[in-house]
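Step one of this worksheet: look at the structure below.
FYI, side chains are in, hydrogens and waters are out, and symmetry mates aren't considered; it's all heavy atoms of this structure. Numbered from 1 within each chain, the chains take letters A, B, ... in sequence-line order.
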Amino acid sequence: MPKPRGKQRDADEAVQHSSIRWGLCCLVLDAPIKFRAATHSYVWRLSAEDRQAYLNGIALENAKALIDVLHYCKALDIRAFRISSGIFPLATHPLSGYRIEDLPDGDDVRRRLEVAGDIAARGDVRLSFHPDQFVVLNSVRPEVVESSIRELEWQAEVAEMIGADVLCLHGGSTQGGTEEATSRLIATIERLSTRARIRLAIENDDRCYSAIDLLPVCLATGVPLILDAHHHRVITGGLSIEEATDWALATWGDREPYFHISSPRDGWKGNDPRPHADYLDPHDVPEYWRAIPKLTVDVEAKAKERAVLAISRAPSG
DNA sequence: TTAAGTCAAGCAAAT
DNA sequence: ATTTGCTTGACTTAA
């Protein structure tokens with residue numbers, strides 16, 4: 001008996017799909033899946049040949065680890081995963097840097113990335129990157145801006161290969177004041193390739209940029225806003241979480257919005273509310289977010305997949 | 001095997 | 001001046 005099409009079924013599906021897509025960040029605790037790293041000071045002491053072999057091995061292993069972690073996410077019904085920026089260590093380093101196609105097993109690395117992309121696509125595991133703190137598009141130091149662009153373009157290239165649709169960055173520097181700094185940010189964003197720019201998203205932080213501070217950048221560039229509820233509670237910029245949410249949602253257009261959340265390690269009344277707790281306190285999830293029909297929320301918690309599973313299974317989680 | 005020292009990279013705020 | 005925190009301590013070597 002085929003299911004009847006119609007308003008009732010659509011309403012049921014809307015309810016069904018209204019639950020938040022909770023995302024895992026970078027690492028897992030309860031499976032033997034490890035991403036390797038490398039340091040420049042070590043590899044630079046090796047011969048060119050040994051260095052290439054060493055980095056080649058790490059790239060191969062990390063591409064395999066990505067496949068494994070996506071299978072793992074699928075098995076646990078975790079449908080978003082943030083890929084560590086260090087998946088290809090030193091790739092954009094001025095001395096030790098390399099390109100995948102130049103590695104001895106570059107073809108295999110690329111094939112593994114394609115497999116990873118297929119797993120994510122078939123399992124509906126949304127992929128993102130979060131370039132780390134050294135990527136500052138509006139630094140007052142030109143060399144920092146240039147290396148930031150290089151890193152972002154590289155991550156965009158990997159993102160394109162595996163089907164990741166979000167590269168999340170913070171507002172960055174505030175040198176010269178917020179207005180001046182945001183115009184530098186806009187100017188640099190306009191220099192990015194289409195590949196990087198269509199994936200870029202900017203996130204409010206807990207020191208410098210509130211959600212409202214970033215809105216002019218979103219409006220000027222079309223880059224969407226990732227609202228971090230934890231950061232927002234530290235720096236509200238005068239907006240309620242509901243107002244900030246509405247603004248952020250508007251920047252995503254037809255795309256599924258992407259937000260972040262975590263709980264303070266020492267509670268909201270502790271000395272410093274910024275360090276992250278092992279788990280997400282369900283009370284910290286804005287009620288307002290629950291009504292959003294489609295939404296990805298990365299869980300930034302030290303307990304990794306245990307925290308993601310806990311909030312997914314929490315009452316009204 | 002373990003422990004100590006090291007590691008490419010930015011920035012702001014607290015101490 | 002130094003430390004802390006950020007999505008995450010991991011890597012390397014000496015003992």
For this session: Looking at every strand, decide which applies to A:Pro275 at a 4.0 Å heavy-atom threshold: base, sugar-phosphate, or nothing.
Result: sugar-phosphate
Exercise. With side chains defined as the heavy atoms from C-beta onward, is the minimum distance between A:Phe259 and A:Leu249 less than 4.5 Å?
Worked result: yes
Exercise. Taking the P atom of each, how far is C:dT12 from B:dA8, in whole Å?
Worked result: 10 Å
Exercise. Distance between the P atoms of B:dT6 and C:dT2, in whole angstroms?
Worked result: 16 Å
Exercise. Is a donor on one side and an acceptor on the other found under 3.5 Å between the side chain of A:Arg199 and the backbone of A:Arg195?
Worked result: yes
For this session: Please confirm whether the backbone N or O of A:Gly177 pairs with a side-chain atom of A:Glu180, one donor and one acceptor, at under 3.5 Å?
Result: no
Exercise. OP1 or OP2 of B:dA8 sitting under 4.0 Å from any side-chain N/O of A:Thr92?
Worked result: no
Problem set entry | Which nucleotide in C:dG5, C:dT7, C:dT12 has an atom nearest any side-chain atom of A:Arg265 | C:dG5
Exercise. In whole angstrom, what separates A:His230's NE2 from C:dT7's C1'?
Worked result: 13 Å
Problem set entry | Whole-angstrom distance between C:dT8 and B:dC7, as gauged at atom P | 23 Å
Exercise. Do the side-chain N or O atoms of A:Ser96 get closer than 4.0 angstrom to the phosphate oxygens (OP1, OP2) of B:dA8?
Worked result: no
Exercise. Once the angle between the rings of A:Phe35 and A:Phe81 is folded into 0 to 90°, is it parallel (under 30°), tilted (30 to 60°) or perpendicular (over 60°)?
Worked result: parallel
For this session: Figure out the CD/C1' separation between A:Glu146 and B:dG10, and round it to whole Å.
Result: 16 Å
Problem set entry | Nucleotide B:dC11, atom C1' - distance to OH of A:Tyr209 in whole Å | 11 Å
Exercise. Think A:His130 has a side-chain N or O under 4.0 angstrom from the OP1 or OP2 of C:dT7?
Worked result: yes
Seminar exercise, completed: Whole-Å distance, A:Leu169 CG to B:dC11 C1', equals 14 Å
For this session: State whether A:His170 places a side-chain N or O below 4.0 Å from either non-bridging phosphate oxygen (OP1 or OP2) of B:dA12.
Result: no
Exercise. In whole angstrom, what separates A:Gln155's CD from B:dA9's P?
Worked result: 17 Å
Problem set entry | Validation row, ring centre A:His260 to ring centre A:His232 under 6.0 Å | no
Problem set entry | Over 12 foreign heavy atoms within 6.0 Å of CD, A:Glu179 | no
Exercise. Is it the case that more than 12 heavy atoms not belonging to A:Trp252 sit under 6.0 Å from its CH2 atom?
Worked result: yes
For this session: Would you indicate what A:Glu300 reaches in the nucleic acid, counting non-hydrogen atoms under 4.0 angstrom: base, sugar-phosphate, or nothing?
Result: sugar-phosphate
Exercise. Touch check for A:Cys25, heavy atoms < 4.0 angstrom, all strands: base, sugar-phosphate only, or nothing?
Worked result: nothing
For this session: Would you indicate which nucleotide in B:dA8, C:dC6, B:dC11 comes nearest to any side-chain atom of A:His40?
Result: B:dA8
Exercise. Given the P atoms of B:dT2 and C:dC6, what is the spacing between them in whole Å?
Worked result: 29 Å
Seminar exercise, completed: Of the candidates B:dA12, C:dT7, C:dT8, the side chain of A:Arg82 sits closest to C:dT7
Problem set entry | Phosphate-side-chain proximity, A:Ser41 and B:dA8, N/O vs OP1/OP2 below 4.0 Å | yes
For this session: With heavy atoms under 4.0 Å as the rule, sort A:Arg207 into base, sugar-phosphate or nothing.
Result: base
For this session: Return the value, rounded to whole Å, for the distance between atom CG of A:Asp272 and atom C1' of C:dT3.
Result: 13 Å
Exercise. How would you label the contact of A:Leu95 with the nucleic acid (heavy atoms, under 4.0 Å): base, sugar-phosphate, or nothing?
Worked result: nothing
Exercise. With respect to the phosphate group of C:dT13, does any side-chain polar atom (N or O) of A:Arg45 fall under 4.0 Å of OP1 or OP2?
Worked result: yes
Exercise. Between A:Asp284 and A:Ser263, is any side-chain donor less than 3.5 angstrom from a side-chain acceptor?
Worked result: yes
Exercise. Does C:dT8 have OP1 or OP2 sitting under 4.0 Å from an N or O in the side chain of A:Lys302?
Worked result: yes
For this session: Quote, to the nearest angstrom, the P distance that separates B:dG5 from C:dT3.
Result: 14 Å
Exercise. Just to confirm, is there a sub-4.0 Å distance from OP1 or OP2 of C:dT7 to any side-chain nitrogen or oxygen of A:His231?
Worked result: yes
Exercise. Is there aromatic stacking of A:Phe134 against B:dG10, centre distance under 5.5 Å, plane angle under 30°?
Worked result: no
Exercise. Does OP1 or OP2 of C:dC11 have a side-chain N or O of A:Lys34 closer than 4.0 Å?
Worked result: no
Problem set entry | Short side-chain N/O contact to C:dT7 OP1/OP2 from A:Ser262, under 4.0 Å | no
Problem set entry | Under-4.0 Å side-chain N/O to phosphate OP1/OP2 contact, A:Tyr54 with C:dC11 | no
For this session: Give A:His276 one of three labels, base, sugar-phosphate or nothing, depending on what nucleic acid heavy atoms sit under 4.0 Å from its own.
Result: sugar-phosphate
Exercise. DNA chain C in dot-bracket, Watson-Crick or G-U pairs under 3.5 Å, [ ] crossing, | other strand?
Worked result: ||||||..|||||||
Problem set entry | Under 4.0 angstrom between A:Arg141 side-chain N/O and B:dG10 OP1 or OP2 | yes
Problem set entry | A:Tyr98 versus A:Asn56, side-chain donor and acceptor atoms under 3.5 Å | no
Seminar exercise, completed: Rounded to whole Å, the CG-C1' distance (A:Leu185 to B:dG10) equals 14 Å
For this session: Test A:Arg184 against A:Val145 for side-chain contact (heavy atoms from CB on, under 4.5 Å), laying out the working first.
Result: CA-CA 10 Å; A:Arg184 289 200 302 272; A:Val145 176; over 6 Å; no
For this session: Would you indicate, yes or no, if B:dG10 has its OP1 or OP2 atom less than 4.0 angstrom from a side-chain nitrogen or oxygen of A:Gln175?
Result: no
Exercise. Roughly how many Å is it from CG in A:Asp206 to P in C:dT4, rounded to a whole number?
Worked result: 17 Å
